[in-house]
> 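Got a structure for you, questions after.
Computed from a predicted structure; not experimentally measured. The first residue in the sequence is number 1, and the count goes up from there.
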Amino acid sequence: MKKIILLLMSILLITGCGAKTLLTLDLDKAKKDIEELKIKDDYLYSKLDYVTSDEIKDTYQFETKYFDEFVIAMPKIKINANMYMILKVKKGKMTEAKNELAHFDEKYIEQWKLYLPDQAKLVENKLETQKDDYLIYIVSSDNNKVLKAILNSK
């Protein structure tokens, strides 16, 4: 019986008790990969601005204090709503971060409803997901393609 217990304990120690490895993304690689995405012969995103925490706060009252790191890519020319966010949430701040993103989403949809309703529909069909410590928000004509590029940027 002692041998069985010792064997089980050894297996648990060796395998790490099945500990899950958290996702770690390379945000610079994700940006580069997303910039190269195409649908047919056209780039999925063209002419993006990578906004700072001050710019996003001034425009959308979006606080970045809940994030360890982030990429927020917005269109330079405001005739399309295509954009994305990759947000690495600080430990213990997921609820606050999700609330902040929900607040941004409301403002972003309202902005497009006023000016270009067809783009508002694109925003309404966004992809919003959580992967471990990351919140990902994507507005494009092929959200799944963008998500795949992000998740492959490990």
> Write down the atom of Glu35, the atom of Tyr43, and the distance for their closest heavy-atom approach.
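Smallest interatomic distance, heavy atoms only, reads O-CD2, 3.3 Å.
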> Any ion pair linking Asp105 and Lys126 (charged N to carboxylate O, less than 4.0 Å)?
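Looking at Asp105 together with Lys126, the answer is yes, because their closest N to O distance falls below 4.0 Å.
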> Honestly curious: do Leu147 and Leu23 fall in one hydrophobic cluster under the side-chain, below-4.5 Å linking rule?
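Yes; Leu23 is reachable from Leu147 via cluster members.
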> Would the distance check show the side chain of Asp49 and the main-chain N or O of Val51 forming a donor-acceptor pair, the cut-off being under 3.5 Å?
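No, because the side chain of Asp49 does not come within donor-acceptor range (under 3.5 Å) of the backbone of Val51.
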> Taking the six-membered ring of Tyr50 (Phe, Tyr or Trp), confirm whether the NZ or CZ of Lys31 is under 6.0 Å from its centre and within 45° of its axis.
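Yes, Lys31 and Tyr50 form such a contact.
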> For residues Leu27 and Tyr134, report the shortest heavy-atom separation together with the two atoms involved.
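Looks like CD2-CE2, 4.4 Å.
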> For Asn82 and Ser141, work out which heavy atoms get closest and say how close.
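For Asn82 and Ser141, the tightest heavy-atom pair comes out as OD1-N, 4.2 Å.
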> Mind checking the CD-OG1 spacing from Glu100 to Thr95? Nearest 0.5 Å is all I need.
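That separation rounds to 13.0 Å.
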> Flag yes if Met85 and Leu135 sit in one hydrophobic cluster, no otherwise; membership is Ile, Leu, Val, Met, Phe, Trp, Tyr, and two members link when side-chain heavy atoms are under 4.5 Å apart.
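Per the 4.5 Å side-chain linkage, Met85 and Leu135 are co-clustered.
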> If you look at every heavy atom in Leu116 and Ile79, which pair is closest and at what distance?
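Of all heavy-atom pairs spanning Leu116 and Ile79, the closest is CD1-O, 3.4 Å.
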> For Leu37, does its backbone N or O pair with a side-chain atom of Tyr45 as donor and acceptor, under 3.5 Å?
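Pair absent, no side-chain N/O of Tyr45 close to backbone of Leu37.
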> Please work out whether the ring planes of Phe62 and Phe104 are parallel, tilted or perpendicular, with thresholds of 30° and 60°.
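Ring orientation of Phe62 relative to Phe104: perpendicular.
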> Ignoring hydrogens, what is the shortest heavy-atom contact between Val139 and Asn143? Give both atom names and the distance.
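Minimum heavy-atom contact is C-OD1, 3.7 Å.
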> Donor-acceptor check, side chain of Lys90 to backbone of Lys65, threshold 3.5 angstrom: yes or no?
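Present.
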> Using 4.0 Å as the upper bound for N to carboxylate O, is an ion pair formed by Asp42 and Lys38?
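Salt bridge: no.
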> What about Ile138 and Leu44, same hydrophobic cluster or not, with Ile/Leu/Val/Met/Phe/Trp/Tyr joined at side-chain heavy-atom distances under 4.5 Å?
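Shared cluster, yes.
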> Using the benzene-type ring in the case of Trp, are the ring centres of Tyr60 and Tyr108 under 6.0 Å apart?
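Yes, ring centres under 6.0 Å apart.
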> Between Lys113 and Glu124, does any NZ, NE, NH1 or NH2 come within less than 4.0 Å of an OD or OE carboxylate oxygen?
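Answer for the salt bridge query: yes.
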> Run the numbers on Glu36 and Lys32 for salt bridge (Lys or Arg N to Asp or Glu O under 4.0 Å), then give the verdict.
CA-CA 7 Å; Glu36 295 173 1; Lys32 185 178 182 282; 3.4 Å; yes
> Are more than 12 heavy atoms, taken from residues, nucleotides or ligands other than Tyr115, located less than 6.0 Å from that residue's OH atom?
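Counting neighbours around OH of Tyr115, 12 or fewer heavy atoms of other residues, nucleotides or ligands fall under 6.0 Å, so no.
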> If you group Ile, Leu, Val, Met, Phe, Trp and Tyr by side-chain heavy-atom gaps below 4.5 Å, do Ile72 and Ile150 land in one group?
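Per the 4.5 Å side-chain linkage, Ile72 and Ile150 are not co-clustered.
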> Should Leu122 and Trp112 be counted in the same cluster of Ile, Leu, Val, Met, Phe, Trp and Tyr side chains packed under 4.5 Å apart?
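Yes, same cluster.
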> With a 6.0 Å cut-off (strictly less than), is the heavy-atom count around NZ of Lys121, excluding the residue itself, greater than 12?
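At most 12 heavy atoms, drawn from other residues, nucleotides or ligands, come within 6.0 Å of this atom.
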> Would you find more than 12 non-hydrogen atoms of other residues, nucleotides or ligands less than 6.0 Å from Lys145 atom NZ?
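Enclosed.
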> Can you confirm whether more than 12 heavy atoms, excluding those of Lys57, are under 6.0 Å from its NZ atom?
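No - once you tally the heavy atoms of other residues, nucleotides and ligands closer than 6.0 Å, there are 12 at most.
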> How close do Ala149 and Ile34 get, counting heavy atoms only, and between which atoms?
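In this case the closest contact between Ala149 and Ile34 is CB-CG1, 4.2 Å.
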